[in-house]
Amino acid sequence: MSPKTLYDKIWDAHLVHEDEDGTSLLYIDRHLVHEVTSPQAFEGLRMAHRKVHAPDKTIAVPDHNVPTTLDREKGIENEESRIQVEALDKNAKDFGINYYPVDDIRQGIVHIVGPEQGWTLPGMTVVCGDSHTATHGAFGSLAHGIGTSEVEHVLATQTLIQKKSKNMKVEITGKLHPGVTAKDITLTVIGKTGTAGGTGYVIEYCGEAIRSLSMEGRMTVCNMAIEGGARAGLIAPDETTFEYIKGRPHAPKGAQWEAALNWWKTLYSDDDAHWDKVVTIDASEIAPVVTWGTSPEDVLPITATVPAPEDFAGGKVDAARRSLEYMGLEPGQKLTDIKIDTVFIGSCTNGRIEDLRAVAEIVKGKKVKDGMRAMIVPGSGLVRAQAEEEGLADIFIEAGFEWRLAGCSMCLAMNPDQLSPGERCAATSNRNFEGRQGRGGRTHLLSPAMAAAAAVTGHLTDVRELM
Amino acid sequence: MDKFEKLTGVAAPLPLINVDTDMIIPKQFLKTIKRSGLGVNLFDEMRYNDDGSEKPDFVLNKPAYRNAEILVSGDNFGCGSSREHAPWAIKDFGIRCVIAPSFADIFFNNCFKNGILPIALPQDQVDLLMKDAEKGENARMTVDLEKQEITTSDGEVIPFQVDAFKKHCLLEGLDDIGLTMAKASEIASFESKAAMERPWV
């Protein structure tokens with residue numbers, strides 16, 4: 001048998017039909033659904049008198065529009081947001097799919113809830129009408145975002161029409177220095193390959209630094225595969241993965257666990273598998289990083305200065321000029337001199353328990369800088385509960401953070417958590433696009449520890465100085 | 001789905017790289033539960049001032065391009081979120097074809113589901129079409145999907161590539177859920193095999 005990559009193995013195990021030109025029908029094991037990209041798909045099913053093909057494999061949770069303030073039980077003020085969430089309530093009920101409504105403690109961001117509940121398992125195909133579905137690749141599952149038409153297609157048939165992507169290996173060799181995290185790895189990769197560097201590929205992340213990451217860290221890395229343009233990001237499952245999954249509500253049990261484990265252990269890329277592209281980065285050369293511009297590829301070590309448009313070539317010269325103007329930055333300015341108005345800690349990239357522990361470690365016994373707005377939005381109700389149990393919430397509240405309920409919140413600002421024009425935010429989320437966190441808002445992407453450092457000092461800060 | 005066969009129309013130049021889906025349709029317009037009506041908010045933040053008035057410099061606000069049916073833009077068009085609201089907004093505005101050196105994966109797929117033809121061409125050819133588009137409303141381009149050719153206002157012909165299955169679906173306006181449902185027995189036999197091999201799924 002010819003050697004295969006992990007992606008090849010998962011692909012082959014889910015192939016229902018393949019045409020001569022490579023157009024394929026792929027079986028989908030898990031379909032995650034949220035309120036923003038699904039109403040039109042359910043409406044389409046109703047109009048065509050179609051059912052959900054596999055309701056037991058379909059999991060829905062409202063996350064984008066939900067308020068994260070503590071008075072959430074009062075309901076959603078914005079009428080359109082409320083209608084969207086109510087539509088999901090109704091669709092979940094009418095079509096009999098698994099559902100975690102707003103008032104369920106298990107509610108949260110769909111990409112945090114899926115793994116937490118054991119829905120996401122190695123070797124699966126996972127889709128969701130959301131680009132950050134790539135997160136689930138951390139389990140060695142093939143996971144990617146789809147549009148609403150494809151959501152309808154998967155609801156109706158439990159399959160997706162696909163053409164196979166190419167294989168790309170991203171190897172992070174060696175060990176990370178203290179203060180450098182999974183977020184710095186994933187941003188550094190995008191900084192190196194560009195936001196289109198992964199277009200047409202599925203990435204497998206490997207190497208010592210990836211192996212050493214917890215599941216939370218691996219999810220952070222895979223989450224941003226989409227920002228690098230890739231269809232999906234994967235990490236081969238290992239003992240860390242199995243340990244995380246074991247005992248979760250929807251994980252296999254007993255004899256099924258053993259059978260699953262046997263198969264999961266075959267899920268790795270063969271030694272001489274073919275790679276269409278290989279990127280290697282030495283972990284010891286990765287520093288804590290931040291973004292300066294309006295594309296996730298605008299990444300620099302915190303010790304650097306703001307670049308000039310002339311430092312770039314081609315279309316990036318104009319793009320950089322536009323970014324600097326939008327961000328209100330001058331070439332040559334030290335990144336650590338950039339003052340911050342708001343700190344947002346949360347999102348499907350960095351809203352898990354380990355992220356909150358990293359923040360607590362930095363802010364313990366310190367205060368959020370006077371005049372700053374700083375909020376921590378846990379990724380799920382269970383993450384929130386765990387943080388409270390571990391005493392992290394007390395540290396946050398004592399330091400002056402707003403301690404919120406679970407949701408997507410200010411990552412994309414569909415709920416009331418938004419930036420005002422010109423407001424500058426240090427954010428642990430995944431996109432720094434113009435207007436992403438609110439019209440005119442300015443976003444600097446960074447790790448939870450770096451965001452915590454900025455909250456304490458009031459400007460972008462090298463977290464290593466506070467450790 | 002609407003068919004796409006041949007289109008002759010005004011092409012609007014948008015010479016920016018990394019045009020993301022937040023630019024194409026900002027999040028506040030994702031709260032709809034319909035597919036229609038988003039065209040008025042296409043490129044909302046680039047197109048309108050805070051008070052809702054038009055920014056006269058933005059290409060789609062210029063008289064020559066208000067009825068554009070083709071958009072010519074830069075590398076990595078449509079990057080960012082999976083929101084199909086982006087192609088819905090483009091189509092609702094009246095644009096049926098987007099030409100760029102490269103596209104983000106999910107956006108590219110979403111276009112085909114909505115009767116929009118995205119065409120990826122080498123940078124030098126996009127540059128040429130960008131120049132042609134800059135001539136305004138007298139410079140009408142023709143995009144012929146059947147022949148896989150773009151004809152500029154000067155009569156220059158540029159061939160393009162398109163996936164054969166996607167071309168077929170666009171030309172015929174096919175609903176691919178219907179196509180897949182015709183393979184129901186294959187799906188059923190896959191499911192019984194998978195239930196034996198991976199019962200924990």
Side-chain angles (χ1 to χ4, degrees), chain A residues 16-17 19 21 23 25 27 29 36-37 39-40 43 48 50 65 78 80-81 83-84 87 121 123-124 129-131 145-150 152-153 156-159 161 163 195-196 199-200 229 231 252 256-257 259-260 263 295 315-316 318-319 322 412-414 421 431 433-436 439, chain B residues 1 15-18 20-23 26-28 30-35 44-46 50 74-76 79-85 87-88 101-107 109-110 113-114 123 163-166 175-181 183-184 186-187 189-191 194 197-201:
Chain A
V16 175
H17 177 92
D19 286 335
D21 73 344
T23 303
L25 200 58
Y27 195 80
D29 292 325
V36 179
T37 56
Q40 295 87 350
E43 190 55 24
R50 287 169 176 151
N65 279 290
N78 180 282
E80 289 174 299
S81 290
I83 289 171
Q84 247 182 6
L121 300 173
M124 281 183 163
D130 190 281
S131 58
I146 55 178
T148 298
S149 296
E150 290 178 317
E152 186 178 339
H153 190 280
T157 68
Q158 205 58 26
T159 64
I161 300 172
K163 267 203 170 168
T195 48
T199 304
R231 175 164 295 172
Q256 293 229 346
W257 170 261
W263 187 59
S295 167
K316 191 70 187 172
D318 280 345
R322 186 183 166 95
L412 87 165
M414 271 190 82
R431 290 198 176 122
F433 296 156
E434 290 179 20
R436 170 78 179 182
R439 188 176 174 120
Chain B
M1 186 181 76
L16 277 179
I17 62 165
N18 295 331
D20 60 68
T21 52
D22 282 79
M23 279 184 192
K27 80 288 255 139
Q28 61 269 36
L30 309 187
K31 296 183 181 186
T32 175
I33 55 170
K34 300 190 188 119
R35 293 172 199 246
D44 194 81
E45 291 184 13
M46 295 157 92
D50 289 347
D75 225 354
N76 201 26
C79 61
S81 94
S82 66
R83 60 187 71 162
E84 200 159 314
H85 309 68
W88 293 339
S102 69
F103 291 88
D105 189 45
I106 304 176
F107 175 84
N109 281 326
N110 283 343
K113 311 285 183 193
N114 291 285
Q123 186 71 52
D163 178 90
F165 174 73
K166 292 188 165 99
D175 157 25
D176 52 30
I177 296 180
L179 291 178
T180 298
M181 286 190 133
K183 298 193 177 85
E186 273 182 90
I187 296 172
S189 59
F190 177 93
E191 285 177 325
E197 290 172 358
R198 297 190 294 277
W200 60 86
V201 176

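As the structure is a prediction and not an experimental result, all values here were calculated from the model.
- Only the backbone of A:I146 has a heavy atom closer than 4.5 Å to any heavy atom of chain B.
- A distance of 7.0 Å separates CG in B:N114 from CH2 in B:W88, rounded to the nearest 0.5 Å.
- Options A:A413, A:A260, A:G129 differ in how many heavy-atom pairs under 4.5 Å they form with chain B, and the most are formed by A:A260.
- Within the 4.5 angstrom heavy-atom criterion, only side-chain atoms of B:K183, from C-beta onward, approach chain A.
- With a 4.5 Å cut-off on non-hydrogen atoms, A:E43 does not touch chain B at all.
- The line from CG of B:D44 to CZ of A:R439 is 6.0 Å long, rounded to the nearest 0.5 Å.
- Remark: side-chain polar atoms of B:K27 are paired, donor with acceptor, to backbone N or O of A:R436 under 3.5 angstrom.
- Minimum interatomic distance between B:W200 and A:P252 (heavy atoms only, all atoms of both residues): CB-CB, 3.6 Å.
- Interface remark: B:E191 contributes side-chain atoms only to the contact with chain A (heavy atom separation under 4.5 Å).
- At a 4.5 Å heavy-atom cutoff, the contact between A:R431 and chain B is made by side-chain atoms alone.
- Checked by atom type and distance alone, the side chain of A:E434 never pairs as donor or acceptor with a backbone atom of B:M23 at under 3.5 Å.
- Across all their heavy atoms, B:E84 and A:G147 have their closest contact at OE1-C, 3.2 Å.
- Only the side chain of B:R198 comes within less than 4.5 Å of a heavy atom in chain A; its backbone stays farther off.
- Ranked by heavy-atom pairs shorter than 4.5 Å toward chain A, the options B:C79, B:P87, B:G80 are led by B:G80.
- In this structure, the portions of B:T32 lying under 4.5 Å from any heavy atom of chain A include both its backbone and its side chain.
- Contact of A:T23 with chain B is made through the side chain alone, with heavy-atom distances under 4.5 Å.
- A:T157 contributes atom OG1, which lies 9.5 Å from atom CZ of A:R50 (distance to the nearest 0.5 angstrom).
- Contacts between B:D50 and chain A at a heavy-atom distance below 4.5 Å involve backbone atoms as well as side-chain atoms.
- Distance check: A:H153 NE2 to A:T148 OG1 gives 14.5 Å after rounding to the nearest 0.5 Å.
- Comparing A:D130, A:T37, A:T199 by how many heavy-atom pairs each has under 4.5 Å with chain B, the most go to A:D130.
- B:M46 touches chain A through its side chain: at least one heavy atom from C-beta onward sits under 4.5 Å away, while N, CA, C and O do not.
- Of the atoms belonging to B:I106, it is side-chain heavy atoms, and not backbone ones, that fall under 4.5 Å from chain A.
- Both the backbone and the side chain of A:T195 come within contact range of chain B, with heavy atoms under 4.5 Å apart.
- The candidate with the highest count of non-hydrogen atom pairs below 4.5 Å against chain A, out of B:P15, B:A184, B:S82, B:G178, is B:S82.
- Interface check for chain A: of the options B:D175, B:N110, B:L30, the most heavy-atom pairs under 4.5 Å are formed by B:L30.
- Note on A:D21, A:L25, A:I83: by heavy-atom pairs under 4.5 Å with chain B, the leading option is A:L25.
- Only the side chain of B:I17 comes within contact range of chain A, judged by heavy atoms closer than 4.5 Å.
- When side chains are defined from C-beta on, A:N65 counts as touching B:K31, because their heavy atoms get closer than 4.5 Å.
- Contacts between A:D318 and chain B at a heavy-atom distance below 4.5 Å are absent for every atom of the residue.
- Put simply, CD on A:E150 and CD1 on A:I161 are 8.5 Å apart, with the number rounded to the nearest 0.5 Å.
- For chain A, the option among B:N18, B:L179, B:N76, B:N109 with the highest count of heavy-atom pairs below 4.5 Å is B:N76.
- Between B:T21 and B:H85 there is no side-chain heavy-atom pair separated by less than 4.5 Å.
- With a 4.5 Å cut-off on non-hydrogen atoms, B:P199 touches chain A through its backbone and its side chain both.
- With chain B as partner, the option from A:S295, A:A319, A:G435, A:A156 having the largest number of non-hydrogen pairs under 4.5 angstrom is A:G435.
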Practice task
I would like to know whether A:H17 and B:I187 meet side chain to side chain contact (heavy atoms under 4.5 Å, CB included); could you show each step before the answer?
Solution key: CA-CA 8 Å; A:H17 177 92; B:I187 296 172; over 6 Å; no

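- For chain A, the nearby part of B:L16 is the side chain; its heavy atoms alone come within less than 4.5 Å.
- Side chains of B:S102 and B:D75: a donor-acceptor N/O pair is present below 3.5 angstrom, by distance only.
- Residue A:M414 touches chain B through both its backbone and its side chain, counting heavy-atom pairs closer than 4.5 Å.
- Under 4.0 Å is where a charged nitrogen must lie from a carboxylate oxygen, and between A:K163 and B:D163 at least one such pair does.
- Interface remark: B:F103 contributes backbone atoms only to the contact with chain A (heavy atom separation under 4.5 Å).
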